[in-house]
> 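For reference, the structure I am asking about is given below.
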Amino acid sequence: MEKSVKFIVTGGRGFIGSHFVEEALSRGHDVIDIDKMTYAAHTSLPWDNSSNYTLKVADIAEIEHLPSCDVIFNFAAESHVNNSIRETEPFVKSNVLGVHNLLNLVRGKMKYNRPLFFHISTDEVYGDRLEGSFLETDKLSPSNPYSATKASAEMLILAYSRTYGIDYIISRSANNYGDRQFDEKLIPKCISSIKNDKKIPIHGDGTYIRDWTYVKDNISGLFCILESGKKNEIYNVSAENHMRNLEVVDEVLSWYNKDREMVEFVPNRWGQDLRYSISSQKLRNLGWSPSHKRGIYKWY
């Protein structure tokens, strides 16, 4: 993208969204950030006073107008699985009804003025897989209310594309980690527990496998897709960096010269997925590859 692009980013005060905004601004693009400012949003970020950045505090399920833009990047979502098991309604409102509202707002624009709808999904929509890796064409089989709402949003996008001609991209990201991640997630939970001399809670026996991708590699993947000019496609984004949860914890413990005495094993969450694995070959065919391919990169 040589010319300046005008983005609407939803959820740009959250973890992954904030890294996208940071990169977009560094490339000279304009960003309108629509964020509900929930508990996981950052109240202060280094680019708040940038002339290319505008923050609109709003709920995507309730907004009635979308400013003119070239691309909508939808990062806004409730994303904590445990919270979705305790209370599903906020997940349905944000992850399903929010997407439904955005799609209707795009649909309401003249066809020549419709932005590309770039939706950020998750590898969890596939469910778990004990061997091999999921491809973008595989069946979705979500295991918990969070992943079910993300899969539901994808179905709406595909239907709106076929019925109303809305152009889209869906990216399904593996587990992300890095700076600004809220400490309900595993790695920041490890760090905060160590710093506060508290036990690190690990579900089951710690053998569950996830595919860990550094957040800035995810963002470079999203820009690679965008710059390719592809439309109406789905891409997995992953470093194909598979680690057991306990291996991840051991890595973080080593940063602080701590051992497994800091670990506390806790009961499994309901519907526990055993292993996530997605192939990112389709994206790699566009020329992308992750910078951090093995282990957990120490980013600070």
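These numbers come from a predicted model, not from an experiment. The figures here come from the full heavy-atom set of this structure, side chains too, leaving out hydrogens, waters and symmetry mates.
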> Restricting to non-hydrogen atoms, name the atom on K109 and the atom on P115 that form the minimum distance, rounded to 0.1 Å.
CD-CD, 4.0 Å
> Do you know which two heavy atoms are closest between I166 and N232, and how far apart they sit?
O-OD1, 3.8 Å
> Could you tell me if the side chain of S173 sits less than 4.5 Å from the side chain of T213, heavy atoms only?
no
> Would you say I32 ends up clustered with L102 if hydrophobic residues are merged whenever their side chains have heavy atoms under 4.5 Å apart, either directly or through other cluster members?
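As far as the 4.5 Å side-chain criterion goes, I32 and L102 are connected within one cluster.
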> Please determine whether residues L274 and M243 belong to a single hydrophobic cluster, defined as Ile, Leu, Val, Met, Phe, Trp and Tyr linked transitively by side-chain heavy-atom distances below 4.5 Å.
no
> Between K298 and Y300, is NZ or CZ placed under 6.0 angstrom from the six-membered ring centre and within 45° of the ring axis?
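Pair K298/Y300 counts as cation-pi.
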> Might you work through the side-chain contact (heavy atoms from CB on, under 4.5 Å) test for D35 and L55, ending with a clear yes or no?
CA-CA 7 Å; D35 198 297; L55 172 63; 4.2 Å; yes
> Which heavy atom of A174 sits nearest a heavy atom of D123, and at what distance?
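For A174 and D123, the tightest heavy-atom pair comes out as CA-OD2, 3.4 Å.
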> Would you check if F118 and L222 make a side-chain contact, meaning some heavy-atom pair closer than 4.5 Å?
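A side-chain contact under 4.5 Å exists here.
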> Just how far is it from atom NZ of K282 to atom CD1 of I225, taken to the nearest 0.5 Å?
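Here the rounded value is 9.0 Å.
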> Would D128 and Y208 count as a side-chain hydrogen bond (donor to acceptor under 3.5 Å, both in side chains) if you check the C-alpha gap in whole Å, the side-chain angles of each, and the deciding distance to 0.1 Å?
CA-CA 10 Å; D128 55 4; Y208 305 123; over 6 Å; no
> Just wondering, do W212 and I296 contact through their side chains at under 4.5 Å, heavy atoms?
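Yes. Closest side-chain heavy atoms under 4.5 Å.
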> Passes side-chain contact (heavy atoms from CB on, under 4.5 Å), T122 versus R172? Steps please.
CA-CA 4 Å; T122 170; R172 295 172 180 156; over 6 Å; no
> Report the residues that fulfil side chain to side chain contact (heavy atoms under 4.5 Å, CB included) with S18, sequence neighbours left out, ordered by chain and then residue number.
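Partners of S18 under the side chain to side chain contact (heavy atoms under 4.5 Å, CB included) test: L45, W47, R180.
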> Tell me every residue that passes side chain to side chain contact (heavy atoms under 4.5 Å, CB included) with N196, counting only those two or more places apart in sequence or in another chain.
S192, K198
> Nearest 0.5 Å, please: how far is OH in Y256 from SG in C190?
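C190 SG to Y256 OH: 10.0 Å, rounded to 0.5 Å.
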> Take V252 and I187 through the side-chain contact (heavy atoms from CB on, under 4.5 Å) test and state the conclusion after the steps.
CA-CA 7 Å; V252 179; I187 294 175; 4.2 Å; yes
> Less than 3.5 Å apart, any donor N or O on the side chain of E154 or S121 sitting next to an acceptor on the other?
yes
> Could you go step by step and tell me if L246 and R260 meet the side-chain contact (heavy atoms from CB on, under 4.5 Å) rule?
CA-CA 9 Å; L246 199 53; R260 286 191 184 176; 3.4 Å; yes
> Can you find a side-chain donor-acceptor pair between E87 and N83 that sits under 3.5 Å?
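There is no such pair between these side chains.
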> Supply the atom-to-atom distance E124 CD to S84 OG, rounded to the nearest 0.5 angstrom.
8.5 Å
> With the 4.5 Å side-chain cut-off for hydrophobic clustering, are L156 and L158 part of the same group?
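Yes.
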> Among residues at least two apart in sequence or on other chains, which ones pass side chain to side chain donor-acceptor pair (under 3.5 Å) with D179?
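In terms of side chain to side chain donor-acceptor pair (under 3.5 Å), with neighbours along the sequence ignored, D179 is linked to no residue.
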> Can you tell whether the side chains of K56 and D33 come within less than 4.0 Å, N to carboxylate O?
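Here K56 does not pair with D33 in a salt bridge, since their nearest N and O are not under 4.0 Å apart.
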> Just verifying a value: how many Å separate K150 NZ and I170 CD1, rounded to the nearest 0.5 Å?
10.0 Å
> In plain terms, say whether R13 and D48 are close enough for a salt bridge, that is, a side-chain N and a carboxylate O under 4.0 Å apart.
yes
> List the residues meeting side chain to side chain contact (heavy atoms under 4.5 Å, CB included) with D59, not counting sequence neighbours, and say none if there are none.
K36, A61, E62, K93
> Charged N to carboxylate O below 4.0 Å: is that the case for D167 and K231?
yes
> Does this structure show an ion pair linking E22 with K216, if we count only N-O contacts that are shorter than 4.0 Å?
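Yes, this pair counts.
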> Checking S277 now: which residues fulfil side chain to side chain contact (heavy atoms under 4.5 Å, CB included) with it, not counting sequence neighbours?
S133, H242, R275
> Taking the six-membered ring for Trp and the full ring for Phe, Tyr or His, determine whether the centres of F73 and F7 are under 6.0 Å apart.
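When the ring centroids of F73 and F7 are compared, they turn out to be within the sub-6.0 Å range.
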> Taking ILVMFWY side chains as joined if any heavy atoms are under 4.5 angstrom apart, and letting links pass through other members, which residues group with I85?
V81, F91, Y146, W270
> Same cluster for I120 and L283 if Ile/Leu/Val/Met/Phe/Trp/Tyr side chains link at under 4.5 Å?
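Result: yes, single cluster for both.
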> Report the C-alpha distance between D205 and T207 in whole Å, list the side-chain angles of each, state the deciding distance to 0.1 Å, and finish with yes or no for side-chain hydrogen bond (donor to acceptor under 3.5 Å, both in side chains).
CA-CA 6 Å; D205 61 3; T207 60; 2.7 Å; yes
> To check you understand the geometry: which heavy-atom pair defines the closest contact between G295 and N241, and what is its length?
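What the structure gives for the nearest pair is O-ND2, 2.8 Å.
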> Is the backbone of L286 close enough, under 3.5 Å, to the side chain of S228 for a donor and an acceptor to pair up by distance?
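No; zero donor-acceptor contacts below 3.5 Å.
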> Does a donor on one side chain and an acceptor on the other come within less than 3.5 Å for H292 and D217?
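Note: H292 and D217 side chains miss the donor-acceptor criterion.
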> Do I200 and E264 have side chains that approach each other closer than 4.5 Å (heavy atoms only, starting at C-beta)?
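Contact flag for I200/E264 side chains = no.
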> Given E247 and R210, is the salt bridge (Lys or Arg N to Asp or Glu O under 4.0 Å) satisfied, shown in steps?
CA-CA 10 Å; E247 290 178 314; R210 301 295 183 258; over 6 Å; no
> With a 6.0 Å cut-off (strictly less than), is the heavy-atom count around NZ of K258, excluding the residue itself, greater than 12?
no
> E136 and Y235: side-chain donor and acceptor closer than 3.5 Å?
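Result is no, nothing qualifies.
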> Indicate yes or no for a side-chain donor-acceptor contact from N144 to the backbone of G271 under 3.5 Å, with no hydrogens or angles considered.
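No; judged by distance alone, with no hydrogens or angles, the pair does not exist.
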> For a 4.5 angstrom cut-off between non-hydrogen side-chain atoms, does N236 reach Y126?
yes
> Using side-chain heavy atoms (C-beta onward) and a distance below 4.5 Å, is V249 in contact with N245?
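Of all side-chain heavy-atom pairs linking N245 with V249, none is under 4.5 Å.
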> Roughly how far, to the nearest 0.5 Å, is the CG atom of N218 from the OH atom of Y177?
11.5 Å
> Where do E131 and R129 come nearest, in terms of heavy atoms and distance?
O-NE, 2.7 Å
> Do I202 and V266 make a side-chain contact, defined as non-hydrogen atoms from C-beta onward lying under 4.5 Å apart?
no
> How far does CG of N52 sit from CZ of R27, to the nearest 0.5 angstrom?
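Spacing of CG (N52) from CZ (R27) equals 14.5 Å.
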> Determine, stepwise, if the pair F182 / Y39 fulfils ring-ring contact (aromatic ring centres under 6.0 Å, His included).
CA-CA 9 Å; F182 193 71; Y39 71 95; 5.1 Å; yes
> Checking S152 side chain against A148 main chain: does a donor-acceptor pair fall under 3.5 Å?
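Answer holds: yes.
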> Establish whether V5 and I72 are linked, either directly or via other cluster members, by ILVMFWY side-chain heavy-atom contacts under 4.5 Å.
no
> Is it the case that over 12 heavy atoms from other parts of the model lie below 6.0 angstrom from the CZ atom of R162?
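At most 12 heavy atoms, drawn from other residues, nucleotides or ligands, come within 6.0 Å of this atom.
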> What is the minimum heavy-atom distance between I278 and E240, and which atoms define it?
O-CG, 3.8 Å
> Find out whether P201 and K189 are in side-chain contact, i.e. whether some heavy atom of one side chain is under 4.5 Å from a heavy atom of the other.
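They are in side-chain contact.
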> Are the aromatic rings of F223 and F20 close, with centres under 6.0 Å apart?
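Yes, the ring centres sit under 6.0 Å apart.
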